[in-house]
Undergrad: 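To start, I am sharing the structure in question, which I have written as structure tokens.
In this chain, residues are counted from 1 in sequence order.
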Amino acid sequence: MADDDESAAEASTGSSGAGTTIGAVLGISLVLFVLLYGLLKIAKAYDAKLRARVADIELSRKKSRDAFRVQNGYSWDWVVVFKVLEEDEKTKPFQREHSVKWILSKFAQGGLQMRMFYSVQNDEVYCKLRATLERLEKEADRIDYKLPLDPQALQKTAERGREGKWGPLLIEDPHNQCPFGPYDYIYGKYEYNRPEVAHLYRRYENNTPFKGSDRIRLIWSIIKARPHEAGCFLDMPKLKKEKCVLTYFPLHDYKELFELEAKWLKFFMKPWDQPLDDVKDYFGEKVGLYFLWLGHYTTWLIAPSIVGFFVWIHVASKDNDPNAESVPAFAIFVALWVTFLLEYWKRKEITYSMRWGTNGFEATEQARPQFTGEVSKSPIDGSETLYFPTRERFKRGLTSQFIICGLILVVIGCVASIFVLKFILAREEVANGGVYASLVNAVVIQVLNAVYFNLALKFNDYENHRTDTEYEDALIAKVFVFQFVNSYAALFYIAFIKAGVDGCIVNCMVELSQGLGTIFLTRLAVGNLTEVGVPYVMGKIKEKKELQGVADDEYAKEPTEAEKQFLMAEYDVLLGSFKDYAELMIQHGYGTLFVAAYPLAMLVSFFATWVEVRVDAWKLCQQCRRVEPRTAEDIGTWYTILELLSTIAVITNSALVVFTGDNFESLGPATRVWLFVVLEHALLLIKYILALIVPDLPEEVDIQLKRQEFLVSKVIENAEDEQDDDLTTDVAESIDMTIRATDDVAESIDMT
């Protein structure tokens with residue numbers, strides 16, 4: 001009878017679990033559909049406003065007396081906002097030292113043009129910034145800024161040659177080894193005051209070699225550059241933190257943005273059909289790479305989503321028993337799928353790095369203005385540089401890691417507390433006590449992530465990283481170690497420890513499946529609602545506050561475009577993309593680390609990422625100020641984390657199948673250990689072999705990069721041809737064709 005009662009309990013739990021899972025999935029699907037539908041309605045309303053704004057802007061530009069725009073085809077690119085201080089308002093010493101006048105003098109020192117005006121309420125001063133074409137050209141030359149070369153101009157120059165330097169070049173591909181044209185996707189550093197190469201750079205609508213994102217980047221480079229580099233040498237993030245400025249941001253070009261939205265903001269756009277080149281041109285390569293990865297990941301989720309759905313049906317048909325026969329096969333399938341996902345991502349990433357001209361960017365990246373050190377001479381070329389001792393860097397890094405380890409122990413304590421709560425609820429026989437505990441766990445995870453993130457930023461600043469890439473990579477490593485423990489510790493406990501401590505309710509696989517489903521779906525719903533809803537509401541509140549009284553005053557000034565954009569939400573190019581990536585990585589972990597317990601995770605991940613593409617695109621285009629277009633060569637340490645997760649997924653799913661599940665319970669402990677070792681090692685070996693089979697660098701990309709190196713060395717750097725003909729002539733003239741009678745006699749027979 002006891003066995004019958006236990007079986008009945010398992011069947012009841014299984015049926016209940018299946019019903020709960022179906023209900024949760026349907027509920028989340030409804031939430032996501034309503035969210036997307038709401039976004040579509042908001043986007044349509046915004047689109048109508050944007051059309052009117054573009055028409056007004058074009059009309060005002062035609063009537064404008066701005067000689068600068070008429071001459072150069074562009075105008076203001078950046079804006080800095082200052083607060084108007086009250087007469088009796090107290091300021092800190094740092095604010096008095098870095099006054100508005102001091103900041104403006106620095107802008108002038110860097111050669112930037114300014115235009116200032118009061119806001120409609122006279123409580124802020126807006127300072128718009130721009131640079132002349134000549135100033136942009138000088139800065140591009142200083143930092144060796146890479147620009148795309150015009151294919152037709154490049155071909156004509158190459159085939160004509162340059163007299164006295166190098167002869168005509170004719171590049172052909174008789175065996176069709178490369179699908180790219182010989183002169184496509186060729187980038188070269190900008191050279192100022194060299195008329196012979198000026199025509200090679202691609203020209204844009206304003207007949208300059210710089211598109212809007214290029215101008216924004218170059219002006220930002222001028223703002224960061226040190227005095228000996230003819231820059232402003234302003235640490236704008238610190239000035240904002242110390243409230244010397246309210247904010248700063250690049251201005252939207254609504255005509256260009258409207259064209260992008262027409263291609264991108266579509267409700268049912270396929271993830272592989274995004275206009276990534278246009279996204280990159282407007283928002284920069286860093287944002288472009290994020291959407292490239294998001295589209296790649298969403299596309300690759302289709303196959304495991306379909307397979308996982310059928311496995312879930314099979315599990316549901318077995319009274320929601322996660323030990324169904326199809327589960328181990330699906331876990332193996334996902335382990336191999338992740339390998340191909342990452343290997344083909346590397347190929348896609350380097351292909352787009354070639355197409356966007358960012359290959360090798362990290363080797364030439366400029367130092368952050370926040371980087372401090374002793375002014376010294378470079379041991380390589382003797383130029384002025386900043387020296388930061390290696391020993392001090394190591395000391396600071398060690399201090400940060402020590403504190404982080406302490407914080408991770410705090411997280412483990414929180415996880416233990418949640419399981420104590422779950423134990424108490426179970427002992428008191430509270431209905432759905434396990435679900436309540438899982439909800440508490442999900443909330444604690446989100447709170448601890450937010451608190452720790454701010455601490456990680458402080459530790460990262462303390463470590464004093466030289467470049468933005470180094471800074472971001474270090475931040476990723478710090479935060480993800482914490483998030484990994486915070487997000488997955490409870491699930492690891494259920495999967496591998498709980499059975500030996502206090503026992504699972506009926507079955508650990510069932511409990512793991514319920515816990516994972518609850519955390520996964522809660523995070524998905526809350527994450528998307530907070531990402532969209534909270535900024536939208538806060539933006540409306542800010543807009544109402546800033547424009548209070550203006551609408552009712554018929555004599556009030558109309559807010560300018562800069563003021564309207566100030567009211568939009570801020571998307572930090574570092575922290576914004578960081579949080580978006582971190583959200584995806586945690587979701588990827590939920591989908592792969594315990595897929596043997598929750599086969600539906602892949603399908604949920606697919607819908608979540610498909611929604612994420614639409615939400616993030618809408619957010620950047622219609623909700624946020626323009627992002628600083630930042631260059632990036634790859635997704636950095638995030639790829640290392642993906643590889644780490646794929647390896648851990650092999651280990652965890654092998655352990656779930658062999659130890660946690662009931663598939664091999666008839667085997668002895670020693671046999672199961674050996675089975676786990678063999679299965680896990682076999683899968684890791686297969687992953688390694690597959691990684692070797694798929695080359696990281698596509699042949700056509702390798703060819704195109706070598707073409708770029710060769711062509712740039714000729715047309716930009718003027719590398720002279722090797723004089724092979726002269727060498728051959730010298731060798732021929734030095735050949736002695738005389739046959740002598742003896743070795744030591746001067747007489748000879750002349751054969752010539």
Undergrad: Between Ala655 and Phe496, which heavy-atom pair has the shortest distance, and what is it?
TA: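 Heavy atoms of Ala655 and Phe496 come nearest at CB-CE2, 3.4 Å.
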Undergrad: Are the side chains of Tyr488 and Ile586 in contact, using a 4.5 Å heavy-atom criterion?
TA: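 In contact.
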Undergrad: Hey, is Asp468 close enough to Arg630 for a salt bridge, meaning N to O under 4.0 Å?
TA: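 A salt bridge is present here (some side-chain N lies under 4.0 Å from a carboxylate O).
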Undergrad: For residues Arg672 and Glu665, report the shortest heavy-atom separation together with the two atoms involved.
TA: NH1-CA, 3.7 Å
Undergrad: When rounded to the nearest 0.5 angstrom, what distance separates OG1 in Thr637 from CG in Leu475?
TA: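 Going from OG1 on Thr637 over to CG on Leu475, the span is 10.0 Å.
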Undergrad: Taking C-beta and beyond as the side chain, do Trp610 and Leu301 meet within less than 4.5 Å on heavy atoms?
TA: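 Not in contact.
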Undergrad: Is it the case that over 12 heavy atoms from other parts of the model lie below 6.0 angstrom from the OH atom of Tyr493?
TA: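 Atom OH in Tyr493 is crowded, with more than 12 foreign heavy atoms closer than 6.0 Å.
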Undergrad: Can you check whether His314's main-chain N or O pairs, donor with acceptor, with Ser317's side chain at less than 3.5 Å?
TA: yes
Undergrad: The criterion is salt bridge (Lys or Arg N to Asp or Glu O under 4.0 Å); which residues satisfy it with Glu365, sequence neighbours excluded?
TA: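 If we apply the salt bridge (Lys or Arg N to Asp or Glu O under 4.0 Å) test to Glu365, skipping adjacent residues, there are no hits.
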Undergrad: Taking all non-hydrogen atoms of both residues, which atom of Glu463 and which atom of Gly397 are closest, and how far apart?
TA: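 Between these two residues, the closest heavy atoms are OE2-CA, 3.9 Å.
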Undergrad: Determine whether more than 12 heavy atoms belonging to other residues, nucleotides or ligands lie under 6.0 Å from atom NZ of Lys348.
TA: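 Yes, NZ of Lys348 has more than 12 neighbouring heavy atoms, counting only those of other groups under 6.0 Å.
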Undergrad: Kindly compute the distance separating CG (Leu600) from CG (Leu516), expressed to the nearest 0.5 Å.
TA: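 That separation rounds to 10.5 Å.
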Undergrad: Counting only heavy atoms from other residues, nucleotides and ligands, does the tally under 6.0 Å from NZ of Lys346 exceed 12?
TA: yes
Undergrad: Between Ser646 and Val338 (side chain of the first, backbone of the second, donor and acceptor by atom type, cut-off under 3.5 Å), is there such a pair?
TA: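 No; zero donor-acceptor contacts below 3.5 Å.
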Undergrad: Check whether any side-chain heavy atom of Leu645 sits under 4.5 Å from a side-chain heavy atom of Phe480, and report yes or no.
TA: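 Yes, their side chains come closer than 4.5 Å.
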Undergrad: Determine whether a donor-acceptor pair (N or O, by modelled atom type, separation under 3.5 Å) exists between the side chain of Gln274 and the backbone of Phe291.
TA: yes
Undergrad: Quick one: CZ on Phe676 to CG on Leu656, what's the gap to the nearest 0.5 Å?
TA: 10.0 Å
Undergrad: May I ask you to decide if the ring planes of Phe333 and Phe330 are parallel, tilted or perpendicular, using 30° and 60° as cut-offs?
TA: parallel
Undergrad: Would you check if the side chain of His681 reaches a backbone N or O of Val677 as a donor-acceptor pair within less than 3.5 Å?
TA: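 It does hold such a pair.
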Undergrad: If every non-hydrogen atom of Gly591 is compared with every non-hydrogen atom of Ser605, which pair is closest and at what distance?
TA: CA-OG, 4.3 Å
Undergrad: Rounded to the nearest 0.5 Å, what's the gap from CG on Asn653 to CG on Leu679? Could you check?
TA: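 Here the interatomic distance stands at 9.5 Å.
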Undergrad: To the nearest 0.5 Å, what is the distance between CG (Leu675) and CD (Glu680)?
TA: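 The CD atom of Glu680 is 11.5 Å from CG of Leu675, to the nearest 0.5 Å.
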Undergrad: Taking the side chain from Thr298 and the backbone from Gly295, do they hold a donor-acceptor pair closer than 3.5 Å?
TA: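 No, Thr298 side chain to Gly295 backbone: no donor-acceptor pair under 3.5 Å.
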Undergrad: Can you name the closest pair of heavy atoms from Leu294 and Leu584 and give their distance?
TA: CD1-CD1, 3.4 Å
Undergrad: Between Glu472 and Lys286, is the salt bridge (Lys or Arg N to Asp or Glu O under 4.0 Å) condition met? List the steps.
TA: CA-CA 12 Å; Glu472 185 173 5; Lys286 189 176 184 67; 2.4 Å; yes
Undergrad: Is a side-chain N or O of Thr467 found less than 3.5 angstrom from the main chain of Glu470, in a donor-acceptor match?
TA: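 Judged by distance alone, yes, a pair lies under 3.5 Å.
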Undergrad: Between Thr358 and Thr631, does a side-chain hydrogen bond (donor to acceptor under 3.5 Å, both in side chains) hold up when you go through it step by step?
TA: CA-CA 7 Å; Thr358 60; Thr631 307; over 6 Å; no
Undergrad: Passes ring-ring contact (aromatic ring centres under 6.0 Å, His included), Tyr290 versus Tyr581? Steps please.
TA: CA-CA 8 Å; Tyr290 169 72; Tyr581 272 116; 5.1 Å; yes
Undergrad: For a 4.5 angstrom cut-off between non-hydrogen side-chain atoms, does Pro698 reach Thr351?
TA: yes
Undergrad: Apply side-chain contact (heavy atoms from CB on, under 4.5 Å) to residues Phe371 and His465 and explain how you reach the verdict.
TA: CA-CA 6 Å; Phe371 176 70; His465 297 282; over 6 Å; no
Undergrad: Looking at side-chain heavy atoms only, is the closest gap between Arg396 and Asn464 below 4.5 Å?
TA: yes
Undergrad: Using the rule given for ring-ring contact (aromatic ring centres under 6.0 Å, His included), can you reason through Phe578 versus Trp638, listing the C-alpha separation, both sets of side-chain angles and the distance that settles it, and then say yes or no?
TA: CA-CA 10 Å; Phe578 181 95; Trp638 293 119; 5.3 Å; yes
Undergrad: Tell me if a side-chain donor or acceptor on Ser487 pairs with a main-chain N or O of Gln483 at a distance below 3.5 Å.
TA: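 A pair under 3.5 Å: yes.
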Undergrad: Would you say the side chain of Thr299 lies within less than 4.5 Å of the side chain of Lys270, judging by non-hydrogen atoms?
TA: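 No. Closest side-chain heavy atoms not under 4.5 Å.
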Undergrad: Evaluate the side-chain contact (heavy atoms from CB on, under 4.5 Å) criterion for residues Phe492 and Thr652: first the C-alpha distance (whole Å), next the side-chain angles of each, then the deciding distance (0.1 Å), finally the verdict.
TA: CA-CA 9 Å; Phe492 272 95; Thr652 54; 3.5 Å; yes
Undergrad: Report the distance from atom CG of Leu642 to atom CD1 of Ile635, rounding to the nearest 0.5 Å.
TA: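 These two atoms lie 5.5 Å from each other.
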Undergrad: Is the count of non-hydrogen atoms from other residues, nucleotides or ligands lying under 6.0 Å from Tyr462 atom OH greater than 12?
TA: yes
Undergrad: Lys478 and Ser400: side-chain contact (heavy atoms from CB on, under 4.5 Å), yes or no, with the steps?
TA: CA-CA 9 Å; Lys478 284 184 188 65; Ser400 296; 4.2 Å; yes
Undergrad: If we only count heavy atoms from C-beta on, is the Asp461 to Tyr471 side-chain gap below 4.5 Å?
TA: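 In short, these two side chains touch, coming nearer than 4.5 Å.
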Undergrad: Does the side chain of Tyr571 reach to within under 4.5 Å of the side chain of Ser577, using non-hydrogen atoms?
TA: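 They are in side-chain contact.
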Undergrad: Please find the pair of heavy atoms, one from Thr660 and one from Cys508, that lie closest to each other, and give the distance.
TA: CG2-CB, 3.9 Å
Undergrad: Show your working on ring-ring contact (aromatic ring centres under 6.0 Å, His included) between Tyr344 and His296 and close with a plain yes or no.
TA: CA-CA 9 Å; Tyr344 278 92; His296 175 82; 8.1 Å; no
Undergrad: Is there a side-chain contact (heavy atoms from CB on, under 4.5 Å) between Trp345 and Tyr639? Walk through the geometry before answering.
TA: CA-CA 9 Å; Trp345 164 250; Tyr639 181 81; 3.7 Å; yes
